There are 2 protein chains.
Amino acid sequence: MGRTSDAKERILAAAHELVEVRGYSALGVAEICKAAGVPKGSFYYFFESKEALALAVIAEEWAGQRKGWAEALEGPGAPLAKLRKLFEGTAAAQRQSQATCGTVSGCLFGNLSLELSNRTEPIRLALQEVFATQARMVQAVVEDAVARGDALVADPAEAARAVVAQLEGQVLLAKLYNDTSHLDAMWTNCLALVGAGVAEAAAAMPD
Amino acid sequence: MGRTSDAKERILAAAHELVEVRGYSALGVAEICKAAGVPKGSFYYFFESKEALALAVIAEEWAGQRKGWAEALEGPGAPLAKLRKLFEGTAAAQRQSQATCGTVSGCLFGNLSLELSNRTEPIRLALQEVFATQARMVQAVVEDAVARGDALVADPAEAARAVVAQLEGQVLLAKLYNDTSHLDAMWTNCLALVGAGVAEAAAAMPD
């Protein structure tokens with residue numbers, strides 16, 4: 001059984017890497033199996049379909065990324081410092097992908113959202129859940145920041161959504177230009193989106 | 001020759017619609033020709049490759065959208081009112097696509113950026129040019145707003161990039177959730193990104 005479970009992991013690892021670089025539609029099961037070094041018959045033993053494999057790739061990617069999000073946002077420290085950690089971590093991960101693969105690979109969830117969300121409902125739902133969790137995690141931190149007077153927004157849920165959208169949009173541009181130099185600006189943009197500058201200006205005003 | 005040029009237009013129109021709904025990789029030339037009602041031989045008479053067709057689709061889409069961008073951003077009026085027109089126009093276009101197709105189709109440029117930018121250099125360059133033009137158009141308006149004291153940003157080019165990133169990110173989420181109800185919040189986010197709230201707060205401060 002040792003070899004069997006190893007084959008499943010190898011298929012998942014190969015698919016993860018290939019989906020990251022090439023997307024989903026352009027990939028065939030035969031190619032995934034070749035990269036994994038397993039016979040094509042093994043594939044359907046472990047995965048019902050290519051879609052089932054994509055769902056496993058999404059789950060694996062989020063299990064890994066979620067640790068980083070929790071480490072940045074759910075540890076001790078001031079709320080804005082936590083958000084900063086998230087943005088710096090995201091920029092660092094994209095720089096790492098550029099150094100390793102030669103090109104910025106972007107966000108797997110964003111890539112698959114645009115490629116697939118209108119084509120398969122199970123993948124749409126899985127990706128919705130990822131982004132909803134991200135937005136909830138950011139929202140909790142924005143609410144803390146507002147409670148401490150470090151941020152000023154009318155609707156923390158909308159502000160959190162805007163922060164996630166800004167991350168996705170900037171990573172999209174970084175991928176398109178294969179250029180990570182603008183990702184540092186995300187932090188300034190995040191401050192603006194949660195009204196941190198406004199809170200500062202308001203605090204500087206005389207009573 | 002009348003029939004010949006009609007065939008080219010039909011291929012382009014069919015490809016435009018199919019790429020919008022399904023992306024690029026999942027499409028075959030045979031399917032495009034079938035949708036256009038032309039024999040497969042015609043395709044290679046007009047387009048050297050599927051990639052050449054994608055470039056024509058991008059050019060056609062931007063020629064149409066650019067008119068809307070210019071109408072919003074380059075007419076008369078206060079700079080912030082112009083930006084508002086752009087954001088409202090974007091939200092309206094996504095609502096229209098949802099009403100027509102049943103699902104939010106998202107931004108063709110964003111979709112193709114994530115699907116293809118790491119796979120074909122000619123498409124990457126074409127999309128870079130579209131987003132660079134969008135950012136330049138927004139930047140000119142942000143500079144006007146700063147000059148009038150309606151906005152407050154250290155770097156208008158970075159702020160313009162953030163505005164474009166916010167548009168792309170929010171449209172990505174609207175597509176993923178097939179829900180256009182959050183697109184109205186883009187305008188508030190845009191104000192925050194160009195420091196319009198900060199400028200207001202600063203203006204309210206006593207000398």
Side-chain angles (χ1 to χ4, degrees), chain A residues 21-27 101-107 109-119 124 127-128 131-132 135 152-155 158-159 161-162 164-173 175-178 182 185-186 188-189 192-195 197-198 200-202 204-206, chain B residues 21-27 101-107 109-119 124 127-128 131-132 135 152-155 158-159 161-162 164-173 175-178 182 185-186 188-189 192-195 197-198 200-202 204-206:
Chain A
V21 177
R22 305 243 316 268
Y24 172 87
S25 309
L27 281 187
C101 318
T103 51
V104 176
S105 59
C107 167
F109 309 126
N111 296 347
L112 293 179
S113 290
L114 293 192
E115 190 184 352
L116 294 180
S117 60
N118 279 353
R119 287 172 49 212
R124 187 201 285 274
L127 292 167
Q128 284 181 351
F131 281 110
L152 189 68
V153 288
D155 185 337
E158 281 295 354
R161 199 180 162 93
V164 172
Q166 179 68 205
L167 267 171
E168 284 303 311
Q170 292 279 7
V171 168
L172 182 153
L173 294 176
K175 178 175 175 176
L176 175 62
Y177 289 91
N178 192 24
H182 296 273
M186 286 196 297
T188 317
N189 301 331
L193 287 168
V194 301
V198 178
E200 219 167 78
M205 288 176 70
Chain B
V21 178
R22 305 244 317 267
Y24 173 88
S25 308
L27 282 185
C101 318
T103 51
V104 176
S105 58
C107 166
F109 310 126
N111 296 347
L112 293 179
S113 291
L114 293 193
E115 190 184 351
L116 295 180
S117 60
N118 280 353
R119 288 173 48 213
R124 186 201 287 273
L127 292 167
Q128 284 181 350
F131 281 110
L152 189 67
V153 289
D155 185 338
E158 280 296 353
R161 198 179 162 96
V164 172
Q166 180 68 206
L167 267 171
E168 284 301 313
Q170 292 279 7
V171 168
L172 181 154
L173 293 176
K175 178 175 177 176
L176 175 62
Y177 289 90
N178 193 25
H182 296 272
M186 287 196 297
T188 317
N189 301 331
L193 287 168
V194 301
V198 178
E200 219 166 78
M205 286 176 72

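Side chains are part of it too, since the values below use all heavy atoms of this structure and drop only hydrogens, waters and symmetry mates. The chains referred to below are lettered A, B, ... by the order of the sequence lines, with proteins before strands, and numbering in each begins at 1. Since this is a predicted model, take the numbers as computed values, not measurements.
Residue contact with chain A, scored on non-hydrogen atoms closer than 4.5 Å, involves the backbone and the side chain of B/Asn178 alike. Looking at B/Val104, the atoms closer than 4.5 Å to chain A (heavy atoms on both sides) all sit in the backbone: N, CA, C or O. Contact of A/Ala132 with chain B is made through backbone and side chain together, with heavy-atom distances under 4.5 Å.
In this view, A/Ser25 and A/Glu115, A/Leu116, A/Arg119, B/Ser25, B/Ala26 satisfy the side-chain contact (heavy atoms from CB on, under 4.5 Å) rule, not counting sequence neighbours.
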| request: Verify side-chain contact (heavy atoms from CB on, under 4.5 Å) between A/Gln166 and B/Asn189, making sure each step is shown before the conclusion. | output: CA-CA 10 Å; A/Gln166 179 68 205; B/Asn189 301 331; over 6 Å; no
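Top candidate by heavy-atom pairs under 4.5 Å with chain B, chosen from A/Met186, A/Lys175, A/Arg22, is A/Lys175. Of the listed residues B/Ser117, B/Ala162, B/Ser105, the one with more heavy-atom pairs under 4.5 angstrom with chain A than any other is B/Ala162. Interface summary for chain B: among A/Leu167, A/Asn118, A/Leu127, the most heavy-atom pairs under 4.5 angstrom belong to A/Asn118. Ranking A/Gly23, A/Cys107, A/Gly110, A/Ala159 against chain B, the residue ahead of the rest is A/Gly110, based on heavy-atom pairs under 4.5 Å.
At a threshold of 4.5 Å between non-hydrogen side-chain atoms, the residues B/Glu158 and A/Thr188 do not count as touching. Counting heavy atoms from C-beta on, the side chains of A/Leu172 and B/Leu114 come closer than 4.5 Å. Using a 4.5 Å heavy-atom threshold, the side chains of B/Gln170 and A/Glu168 count as separate. The closest side-chain heavy-atom distance from A/Thr103 to B/Arg124 is below 4.5 Å.
A donor-acceptor distance shorter than 3.5 angstrom exists from the side chain of A/Gln128 to the backbone of B/Leu176, with no hydrogens or angles considered.
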